[in-house]
Amino acid sequence: PDYIDKGPLTNSGVQTNAASQPTWSSADGGVYSFDGVDDVIPVADSASIQNIFDGGGTITAWVNLVTLGEGSGGRVVDKRSASGTGFIFFTETAASKLAFLQEFSGGLGRWDTTAVVATNEWLMVAVSYDSGSTANNPLLYINATSEALSETATPSGTRDSDVGQTLNVGNVDNLSATTDGSLDDVRIYDTALTAAQIGAIYTNTATTYGIS
């Protein structure tokens with residue numbers, strides 16, 4: 001499913017009447033701009049977006065960030081509960097990295113890119129991951145390039161379920177980690193896409209954002 005597209009939100013799973021709705025703009029084919037304060041697009045939980053990394057899953061998104069976000073880092077996609085179950089795909093402010101975190105029963109796993117995330121330009125970011133084993137590491141992509149990673153926390157146990165948790169685009173439940181900039185074309189796949197498949201998505205969508 002594609003929960004942010006180049007037009008008004010119409011997917012029945014999206015709560016378009018959110019109190020803190022980001023601003024829609026027709027620029028770059030149509031994007032949502034988040035204010036770095038409290039904007040969010042919450043997607044009601046449903047079976048199609050539960051534990052998407054079981055057996056392999058992928059998230060892709062286009063981002064154009066003014067800064068790397070509010071608080072500990074602006075969220076691209078967050079499906080993590082206050083009690084600490086689920087996952088986060090985000091930009092980590094202190095070190096200017098792209099990061100992914102998955103909660104496990106014995107301790108979470110977290111991986112950060114060694115490459116710095118650029119601001120004020122369009123980038124396609126992606127994470128591909130299989131949560132079925134603590135031995136698995138995600139692949140994090142910037143503009144279809146698989147980046148070197150630093151594992152800042154090693155997972156143990158089994159992955160915690162995110163069933164019942166809202167999927168938030170651009171923020172967290174309490175609105176304390178808002179994206180500062182634009183997000184578009186956020187896609188969730190229930191399979192671990194190959195590097196070639198991610199490259200094809202990048203090639204097929206890049207011209208929309210002025211990248212030839």
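This chain uses plain numbering: 1 for the first residue, then up along the sequence.
Within the 4.5 Å cutoff, the side chain of Ile41 has heavy atoms near those of the Gln21 side chain. Annotation: side chain of Ser33 is not in contact with side chain of Pro22 (no heavy-atom distance under 4.5 Å). Looking at Phe34 and Leu183, their side chains come closer than 4.5 Å, going by heavy atoms from C-beta outward. Contact check for Tyr202 versus Ile211: side-chain heavy atoms found under the 4.5 Å cut-off. In this structure the side chain of Leu193 never reaches within 4.5 angstrom of the side chain of Arg187, judged on heavy atoms. Contact of the Met124 side chain with the Asp185 side chain is not registered, since no non-hydrogen atoms from C-beta on lie closer than 4.5 Å. Between Leu167 and Val77, the closest side-chain pair of non-hydrogen atoms falls below 4.5 Å.
Listed here is the closest heavy atom pair of Thr58 and Thr191: OG1-O, 2.8 Å. Residues Ala118 and Leu123 share a closest heavy-atom pair of O-CD1, 3.6 Å. Residues Ile188 and Ile59 come closest through the heavy atom pair CG1-CG1, 4.3 Å. Residues Ser176 and Asn174 approach most closely at OG-OD1, 2.6 Å, considering heavy atoms. Residue Glu92 comes nearest to Ala99 through the heavy atom pair CB-CB, 4.4 Å, listed as atom of the first residue, atom of the second, then distance. Of all heavy-atom pairs spanning Tyr141 and Ser146, the tightest one is CD2-N, 3.5 Å.
Clustering ILVMFWY residues whenever any of their side-chain heavy atoms sit less than 4.5 angstrom apart, transitively, puts Val117 in the very cluster that holds Val169. Linking ILVMFWY side-chain heavy atoms closer than 4.5 Å, directly or via other members, places Ile88 and Val172 in two distinct hydrophobic clusters. Under a hydrophobic clustering in which Ile, Leu, Val, Met, Phe, Trp and Tyr are joined whenever their side-chain heavy atoms come within less than 4.5 Å, directly or via other members, Val43 and Tyr32 fall into the same cluster.
The closest donor-acceptor contact from the side chain of Asp162 to the backbone of Gly86 lies at 3.5 Å or more, if one exists at all. Judged by distance alone, with hydrogens and angles left aside, the side-chain atoms of Lys97 form a donor-acceptor pair with the main-chain N or O of Thr114 at under 3.5 Å. At least one donor-acceptor pair under 3.5 Å links the side chain of Thr91 to the backbone N or O of Leu68.
No option in Val186, Leu98, Asp78 other than Leu98 meets the side chain to side chain contact (heavy atoms under 4.5 Å, CB included) test with Phe89. Here the options are Arg159, Gln102, Arg80, the test is side chain to side chain contact (heavy atoms under 4.5 Å, CB included), and the partner is Leu108; only Arg80 passes.
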Determine whether Tyr129 and Trp111 satisfy the following criterion, side-chain contact (heavy atoms from CB on, under 4.5 Å), listing intermediate values before the conclusion.
CA-CA 11 Å; Tyr129 181 58; Trp111 300 264; 3.7 Å; yes

For side-chain contact (heavy atoms from CB on, under 4.5 Å), just list the numbers for Ser105 and Asp160, CA-CA rounded to whole Å, side-chain angles, deciding distance to a tenth of an Å, and then say yes or no.
CA-CA 6 Å; Ser105 61; Asp160 286 330; 3.9 Å; yes

Given side-chain contact (heavy atoms from CB on, under 4.5 Å), test Phe53 with Asn136 step by step and report yes or no.
CA-CA 11 Å; Phe53 297 109; Asn136 295 337; over 6 Å; no

Could you check Asp54 against Ile52 for side-chain contact (heavy atoms from CB on, under 4.5 Å), going step by step and ending with a plain yes or no?
CA-CA 6 Å; Asp54 284 7; Ile52 63 164; over 6 Å; no

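Inspection of the Thr178 and Asp38 side chains reveals no N or O donor paired with an N or O acceptor under 3.5 Å. Residues Thr152 and Ser150 bring no donor and acceptor atom of their side chains to less than 3.5 Å of each other. In this structure, a donor-acceptor pair under 3.5 Å is present between the side chains of Ser161 and Asn51. Side-chain contact annotation: Thr166 with Asn168, donor-acceptor N/O pair under 3.5 Å absent. At a cut-off of 3.5 Å, with distance as the only test, no side-chain donor of Asn171 or Glu70 sits close to an acceptor on the other residue.
Taking the six-membered ring for Trp and thresholds of 30 and 60 degrees, Trp62 and Tyr209 have nearly parallel ring planes, at less than 30 degrees apart.
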